[in-house]
Amino acid sequence: FPVTISMDWNLEGKRVFGYYLDEFPVTGVVSESRVKYGGKVSHTVVLEKPIFINGTMRNQLLLEDCEVITDNPEIIANMEK
């Protein structure tokens, strides 16, 4: 996997690329970023394309901060090619 690129913790309104459960590549817009108990950050991401995971279609999901690879538009465009 690519190295995570340093970003602010609050990604609300930003388009991001990441790997859900370190396995499923996803792209979408962050609708909420929050700091959880213990200081870890998670992001609610509204997906551009729904995906099936374990027989369930997902339109949005939670990405842990460590699962978000980038919010850089140029890098996302290159990863989608």
Quiz item: What pairs meet the salt bridge (Lys or Arg N to Asp or Glu O under 4.0 Å) rule with one or both residues in residues 48-58, with sequence neighbours excluded?
Solution: Arg15-Glu48
Practice problem: Using the salt bridge (Lys or Arg N to Asp or Glu O under 4.0 Å) rule, collect all pairs that involve residues 27-47, keeping only residues at least two apart or in two chains. | Solution: Lys36-Glu64
Taking atom [atom1] of [X] and atom [atom2] of [Y], what is their separation to the nearest 0.5 Å?
X: Leu63; Y: Ile69; atom1: CG; atom2: CD1; result: 9.5 Å
X: Leu11; Y: Asp8; atom1: CG; atom2: CG; result: 7.5 Å
X: Thr70; Y: Phe17; atom1: OG1; atom2: CZ; result: 9.5 Å

Practice problem: Over 60° means perpendicular and under 30° means parallel, so classify the ring planes of Tyr20 and Phe24, tilted if in between. | Solution: tilted
Self-check item: Which residues share a side-chain hydrogen bond (donor to acceptor under 3.5 Å, both in side chains) with Ser42, sequence neighbours left out
Solution: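 Ser42: no side-chain hydrogen bond (donor to acceptor under 3.5 Å, both in side chains) contacts found.
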How close do [X] and [Y] get, counting heavy atoms only, and between which atoms?
X: Asp71; Y: Lys14; result: OD2-CD, 3.2 Å
X: Asp65; Y: His43; result: OD1-NE2, 2.8 Å
X: Glu67; Y: Leu62; result: OE1-O, 4.1 Å

Quiz item: side chain to side chain contact (heavy atoms under 4.5 Å, CB included) between Leu61 and Ile51: does it pass, once the steps are laid out?
Solution: CA-CA 10 Å; Leu61 44 79; Ile51 60 171; 4.3 Å; yes
Quiz item: Tracing side-chain links under 4.5 Å among I, L, V, M, F, W and Y, which residues wind up in one group with Met57?
Solution: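 Grouped by the 4.5 Å side-chain rule, Phe52 form the rest of the cluster around Met57.
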Quiz item: For the hydrophobic clusters of this structure (ILVMFWY residues joined by side-chain heavy atoms under 4.5 Å, transitively), does one cluster hold both Val16 and Leu21?
Solution: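 Val16 and Leu21: one cluster.
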